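Report on one structure; see the data block that follows.
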Amino acid sequence: MTQQIRTRFAPSPTGFLHVGSIRTALFAWLFARHNGGVFVLRIEDTDATRKVEGAVEAIQEDLRWLNLDWDEGPAVGGKFGPYIQSERLGNYKAAAEKLLAQGAAYKCYCSQERLENMREFQNKNKLPSGYDRCCRDLTEDERAQKEKEGITPVVRLKTALQGQTVIHDLIWGDVVFQNNLVEDLVLLKSDGYPTYHLANIVDDHDMEITHVIRAEEWMSSTPCHIMLYNAMGYAVPQFAHLPMLLGSDRSKLGKRHGSTSIRQFREQGYLPETMINFLALLGWSLDDKTEIISREDLIKHFSLERVSKTAAIFNHEKLQWMNGQYMRKLAQEELLNRVMPFLEKGLPAEINRPLDINYVRQIVPLIRERISTLKDAATYASFFFLDELEYDSEMFVGNKMTAETALKALKAAEEKLSALESFTQGSLEATLRPLAGDLGIKTGQLFNPLRVATTAREAAPPLFETMAVLGKERCLKRIKAALAKLAGN
Ligand code: GLU
C-alpha cells in the first residue's frame, strides 16, 4: 500500500497573510488534493514576541475566503491535534530532553551580550557568521558552575562538524550543504519555548507529514532540520522549496510593490477565484501558455515537476486583467451579490442605504465589462445613485458644440422625453435619433450633452440603456439641472 500523502501549511500568526504565504498554502493544498491526500493547517506561534492578536482567526478567514479547506487543524480538529504549537509545548520539551540525553544537543549559557560581541567580531573580521560553539564542549564542572550562577541556558543542536548534508529536493534536485557551515541552532529558548526549528520538525513528524512544501527562504534551515530528524530517529520527509516571489523590479516582493497581504486584495475587490488562478501561476504552469485555469483543472493537473526554480514575478497588471476576466465569467446574479457589499461600503455617504437591489441588478450588466475589480463598481457607478451630479459645464462644449447648441439640444430632448410614456432603451433610441435630424445637428451633438447631463461623464455605458435604467424622473431632473447650469453661463 502506498503511503497517504500529507502536506501542511504552517503559518506564524504575525499579521495578515502575505500573498507569498498563500502561494505556499495553495501549492501544498493542490498537491494534497491532486493526490487524494490530507492537507493540514498548523499554527506556529512559539515566538511570543511576533504574535499578533486576532491573527490566528484572520488566517482561517483568509483560507476560507479562498476556499482552501483543511482536513485537520484549528476549528476542524484531527487525530494529531492540537494544531496550535503553543498548546503542544510538552512535546518540544520532551524532544529537547531526549536530544540532550543522547548528546545530540547541549546547553548554552552564553549571554546576549557575549553573542552580540561575537557577531560584531565576526562581521568586522569577515568571519563566517553563527554561533562559535563556545558552550559545546563544556565539562561537567563548568556546566555545574554556570548552573550555580543561576544562568538559564538555551538548548542548541550539536551539528555534525564534518561531511555533507544533502537535501533531495523535489524541485531543486540534490542540494549539498557542507556540515561545518551549519550553525548549532537554538532549539529551546531560555523561556522554555521551542524555536521554529525544533517545533517544526517535531510536529511534522508527529503529524505524519510526508511532503514539506515551503518557501525557498527556508532551504538554508533544512540541513539543520535533516540533522534533527536523524538525531530524533525520525524519517526525513520529502522537501519541495518553492521559488522566490519578486516584485516587478525583481527585488523580493514587499510593501513598496503595493499590496502584499491577501486581505488587501480582497478589500480591493479581487475575486478569490482570480487569486487562486493567479497565485498558482507564480512558479507553476500548465503548459507555459494557458492563463485562465479553473480550480478543478488546477487540482487535476498540479504537479511539483512543473514547479520552476526561477523566481516568479508578481505582476499587478496581469492580476487586474485576470480579475476582469473572472468578473465577466460570473453569472449576472452572482456578480450582483458580490458587488452589493462593495457598493454599500464604497458609494458616497450621502446616498441612502440600504441600496435597492433591484436597481443595482439593472446597473450590473451595464458596468460589468468596464470594471476590473468589485471595488471599481463604486467609483464607476456612483452617478447612478447620486442626487446631484457634479461636473464642469465645459464638458458640454467641444465636438463642434457651443454652450448655446448644447442648451438647444437639451431643451428639445427634455420636451420629447417628458412626453414619453415608456422609457426604455428602444423608445429612447426611437425618439432621440430622429430628434438630432430635426434639429439639424449630428447625433453626437445631441447624445454628448445628454450623456454629460445624465451621467456627468464623457465615457459611460451606452447612453440609451443607461438612461432607461436611470428612469424618466431622474433623467429629466438631471437634464433640468444641466439646462440651469448652461443658462447660468
Ligand atoms: N512558520 C513558518 C512560516 O511562517 C513555516 C515554515 C515551514 O513551512 O516550515 O513560514
Side-chain angles (χ1 to χ4, degrees), residues 5-32 37-52 55-56 58-60 62-63 68 70 72-74 80 82-89 91-92 95 157 167 169-172 175 185-187 189 193-229 232 234 236-245 252-254 260-263 279 282-283 304 307:
I5 283 177
R6 293 174 59 88
T7 67
R8 61 15 172 221
F9 175 47
S12 302
T14 54
F16 285 125
L17 283 173
H18 188 277
V19 280
S21 300
I22 292 290
R23 197 268 312 250
T24 302
L26 173 62
F27 281 31
W29 181 85
L30 284 172
F31 188 69
V38 173
F39 177 64
V40 177
L41 172 63
R42 180 175 76 229
I43 305 294
E44 301 206 326
D45 62 344
T46 59
D47 187 348
T49 58
R50 294 178 61 223
K51 224 168 175 167
V52 168
V56 176
I59 289 169
Q60 296 176 66
D62 287 344
L63 292 175
L68 294 179
W70 56 101
E72 295 174 23
F80 300 110
Y83 292 87
I84 297 188
Q85 287 190 327
S86 58
E87 296 170 18
R88 306 171 62 84
L89 295 178
N91 297 2
Y92 317 126
L157 175 67
I167 307 170
D169 193 280
L170 293 169
I171 295 165
W172 299 82
V175 184
L185 286 174
V186 175
L187 303 177
K189 294 176 273 189
Y193 270 69
T195 56
Y196 151 72
H197 308 288
L198 180 64
N200 188 270
I201 72 110
V202 168
D203 284 348
D204 279 346
H205 170 264
D206 287 352
M207 295 175 182
E208 298 182 2
I209 300 303
T210 58
H211 292 73
V212 170
I213 298 173
R214 62 182 170 199
E216 188 186 333
E217 64 192 276
W218 297 107
M219 180 89 91
S220 58
S221 302
T222 306
C224 162
H225 294 185
I226 292 177
M227 289 182 195
L228 264 173
Y229 280 109
M232 288 298 290
Y234 296 160
V236 180
Q238 307 251 40
F239 290 102
H241 289 93
L242 305 178
M244 298 258 284
L245 279 197
K252 193 167 183 239
L253 184 66
T260 49
S261 79
I262 193 74
R263 192 64 67 102
L279 292 173
L282 291 181
L304 291 173
V307 174

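Both counts, for ligands and for their atoms, begin at 1 and track the order of listing. As the structure is a computational prediction, the values presented were derived from the model and not from experiment. What you see below is based on every heavy atom in this structure, not just the backbone, and it leaves out hydrogens, waters and symmetry mates.
With sequence neighbours excluded, no residue satisfies ring-ring contact (aromatic ring centres under 6.0 Å, His included) with His18.
Taking CG from Leu41 and CD1 from Ile43, the interatomic distance works out to 4.5 Å, rounded to the nearest 0.5 Å. Here the CE-CG distance, from Met244 to Leu253, works out to 10.0 Å after rounding to the nearest 0.5 Å.
Test Asn200, Val236, Leu187 against Leu228 for side chain to side chain contact (heavy atoms under 4.5 Å, CB included) and you get one pass: Leu187. Checking each of Lys51, Arg50, Arg88 against Asp45 for a salt bridge (charged side-chain N to carboxylate O under 4.0 Å, His left out) leaves exactly one that passes, namely Lys51.
Listed by chain and number, Arg8, Ala10, Ser12, Glu44, Tyr196, Asn200, Arg214, Trp218 each place a non-hydrogen atom less than 4.0 angstrom from ligand 1.
Using a 3.5 Å distance cut-off with no hydrogens or angles, the side chains of Tyr196 and Glu44 do not pair a donor with an acceptor.
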